[in-house]
Colleague: 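First the structure, then my questions, so here it is.
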Amino acid sequence: MSNVLNKEAFILPEGVIYLDGNSLGPMPKSVPARVAQVMNEEWAQMLIGGWNKAGWMAMPMDIGDSVGRLIGAPKGSVVMGDTLSIKVYQALAAGVKMRPERRVILSDTGNFPSDLYMAEGLVGLLEQGYELRTVAPEEVAGAIGDDIAVVMLTEVDYRTGRMHDMKAITKLAHAAGAVMVWDLAHSAGAIPVDLAGSNCEFAVGCTYKYLNGGPGAPAFIYVRPDLADSAEPALSGWLGHANPFDFDLNYTPAKGVERMRCGTPPVLQLAALQEAMKVWEGVEMADLRTASIALQEQFIAEVERDVPELTLASPRDASLRGSQVSFRFEQGYAAMQAVIDRGVIGDFRAPDIMRFGFTPLYVDSADVSAAVAIIKDVMSNALWDNDAYKVRSRVT
Ligand SMILES: *Cc1c(COP(=O)(O)O)cnc(C)c1O
């Protein structure tokens with residue numbers, strides 16, 4: 001295994017152990033200079049000419065290829081833009097259109113709420129008997145029947161890290177004649193993904209988590225290449241048009257996945273992301289996975305040895321977990337605030353989950369031990385039992 005640790009590539013504040021790269025990745029050191037360059041040399045000097053001269057208009061596809069490499073998608077099959085919630089909507093809408101005789105979108109109760117909300121919104125708009133059906137994650141396989149138009153799942157559960165078997169479930173969906181949509185929010189940059197091998201029709205994900213694109217970084221959508229010229233884009237914006245600068249009054253979708261573009265790309269955010277993607281050059285996802293599992297196993301063993309107050313909420317079998325470990329504790333919110341106050345940053349997910357992300361590009365074994373020592377101090381001395389830690393912030 002080659003070593004994937006590359007701490008020098010990131011800015012990490014002094015005294016911080018960052019176990020929250022699954023919510024917002026830290027900033028790669030070279031990002032500010034690149035964004036400043038786009039502002040000073042491109043926007044300021046080229047003005048509108050930047051769209052052509054600086055290649056701004058090509059960024060959504062160019063960066064799509066770098067993301068595609070990490071998730072096993074062929075060149076030209078991934079495009080960047082909008083937010084993940086929007087990309088979920090696009091994939092679902094296109095999927096439902098591919099099965100006009102069916103009326104059910106199947107998902108699970110472990111899915112991230114926004115994915116379910118977007119499905120609800122779509123179903124409400126379509127009417128005509130459309131339905132969002134959610135079952136427990138372990139019941140998904142049994143719930144895939146011939147009334148299902150689209151199966152929409154997030155591969156790695158945001159709360160517990162539990163993983164769905166992407167290939168097996170896609171196979172079941174296809175056997176039942178359903179379209180498969182995977183959300184890779186907690187997979188891209190976290191675990192090896194073989195999109196092409198899974199044969200799913202659509203995949204979506206975000207880039208501010210494990211891909212370190214920064215707050216508000218654009219999302220991505222993958223359309224299986226054989227469908228990319230026929231999938232119907234529900235959000236038919238001008239930049240997904242075949243010839244946006246013809247200013248036709250009627251919409252004709254572009255060839256390929258570019259039809260999933262909507263409007264003007266966020267150039268400054270794309271520049272930050274493009275620069276951040278450089279840290280992945282030469283990183284093999286299989287090596288990253290090995291390192292991630294080693295950190296997670298160490299963390300679980302040390303927490304269970306030293307912190308009896310916490311109960312493992314993630315699958316114990318590493319092969320069934322993404323790149324995070326969660327523990328339950330009734331006063332989890334206050335406990336996480338106390339831990340953060342002492343320099344170990346993780347996050348809290350209602351009702352009682354303390355979640356820790358493991359990102360081997362900038363977290364090592366010494367960090368894990370140091371983090372556990374702080375968690376132990378907070379728990380064994382009940383340092384969380386302090387009113388200051390019990391006031392919920394807007395973002396947890
Ligand atoms: C993080 C996350 C989102 C967030 O969506 P945005 O539109 O980027 O805010 C959606 N779905 C899943 C599964 C996520 O993990």
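Worth knowing before you read on, the calculation uses all heavy atoms, side chains too, and leaves out hydrogens, waters and symmetry mates. Ligands are counted one by one from 1 in listed order, and the atoms in each one are counted from 1 as well.
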Colleague: Between Phe247 and Trp238, what is the ring plane arrangement, given parallel below 30°, perpendicular above 60°, and tilted in between?
Modeller: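 Judged by the thresholds at 30° and 60°, the geometry between Phe247 and Trp238 is parallel.
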
Colleague: Where's the contact between Leu84 and ligand 1, heavy-atom distance under 4.0 Å: side chain, backbone, both or neither?
Modeller: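 For Leu84, the contact with ligand 1 is made by both the backbone and the side chain.
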
Colleague: Between Asp341 and Tyr389, does a side-chain hydrogen bond (donor to acceptor under 3.5 Å, both in side chains) hold up when you go through it step by step?
Modeller: CA-CA 9 Å; Asp341 213 15; Tyr389 296 139; 2.6 Å; yes

Colleague: Does a salt bridge link Arg328 with Glu309, judged by any charged N lying under 4.0 Å from a carboxylate O?
Modeller: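 A salt bridge is absent here (no side-chain N lies under 4.0 Å from a carboxylate O).
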
Colleague: Out of all atoms in ligand 1, which are within 4.0 Å of some heavy atom of His186? Include the element for each.
Modeller: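 Answer, ordered by atom number: 15 (O).
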
Colleague: Would Lys390 and Asp385 pass as an ion pair if we require N to O under 4.0 Å?
Modeller: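 Salt bridge flag = yes for Asp385 with Lys390.
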
Colleague: Under 4.0 Å from a heavy atom of Thr154: give me the atoms of ligand 1 that qualify, with their elements.
Modeller: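 The atoms of ligand 1 under 4.0 Å from a heavy atom of Thr154 are 13 (C).
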
Colleague: Can you sort out which atoms of ligand 1 are near Tyr208, meaning under 4.0 Å from one of its heavy atoms?
Modeller: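 Answer for ligand 1: 1 (C), 4 (C), 5 (O), 6 (P), 8 (O), 9 (O).
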
Colleague: For atom 11 (N) of ligand 1, find the nearest protein heavy atom and state the residue, atom name and distance (0.1 Å precision).
Modeller: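 Looking at atom 11 (N) of ligand 1, the protein heavy atom closest to it is Asp115 OD1, 2.7 Å.
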
Colleague: Looking at atom 14 (C) of ligand 1, what's its closest protein heavy atom, distance included?
Modeller: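 Protein heavy atom at minimum distance: Lys209 NZ, 2.8 Å.
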
Colleague: Verify, without hydrogens or angle tests, whether Gln324 (side chain) and Tyr158 (backbone) share a donor-acceptor contact under 3.5 angstrom.
Modeller: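 Pair found, side chain donor or acceptor close to backbone of Tyr158.
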
Colleague: If you take the nearest heavy atom of each of Tyr158, Tyr117, Phe112, which one is closest to atom 12 (C) of ligand 1?
Modeller: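 Residue with the shortest heavy-atom distance to the ligand atom: Phe112.
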
Colleague: List ligand 1 atoms under 4.0 Å from Thr83, heavy atoms only on the residue side.
Modeller: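 Per the distance check, 7 (O).
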
Colleague: Under 6.0 Å between the ring centres of Phe358 and Phe299?
Modeller: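 That pair passes the under 6.0 Å test.
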
Colleague: Using a strict cut-off of less than 4.0 Å between a Lys/Arg side-chain nitrogen and an Asp/Glu carboxylate oxygen, indicate whether Lys7 and Asp367 qualify as a salt bridge.
Modeller: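 Answer for the salt bridge query: yes.
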
Colleague: Which ligand 1 atoms are under 4.0 Å away from a heavy-atom of Asp183?
Modeller: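 So the answer, numbered in order with elements, is 11 (N), 12 (C), 13 (C).
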
Colleague: May I ask you to list the atoms of ligand 1 that are less than 4.0 angstrom from any heavy atom of Ala185?
Modeller: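 Ligand 1 atoms under the 4.0 Å threshold to Ala185: 12 (C), 13 (C), 14 (C), 15 (O).
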
Colleague: Would you say the side-chain atoms of Arg342 pair up with the backbone N or O of Ile375, donor to acceptor, closer than 3.5 Å?
Modeller: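 Absent.
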
Colleague: Within the structure, does Ser85 bring an N/O atom to less than 3.5 angstrom of an N/O atom in ligand 1?
Modeller: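 Indeed, backbone or side chain, Ser85 has an N or O that close.
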
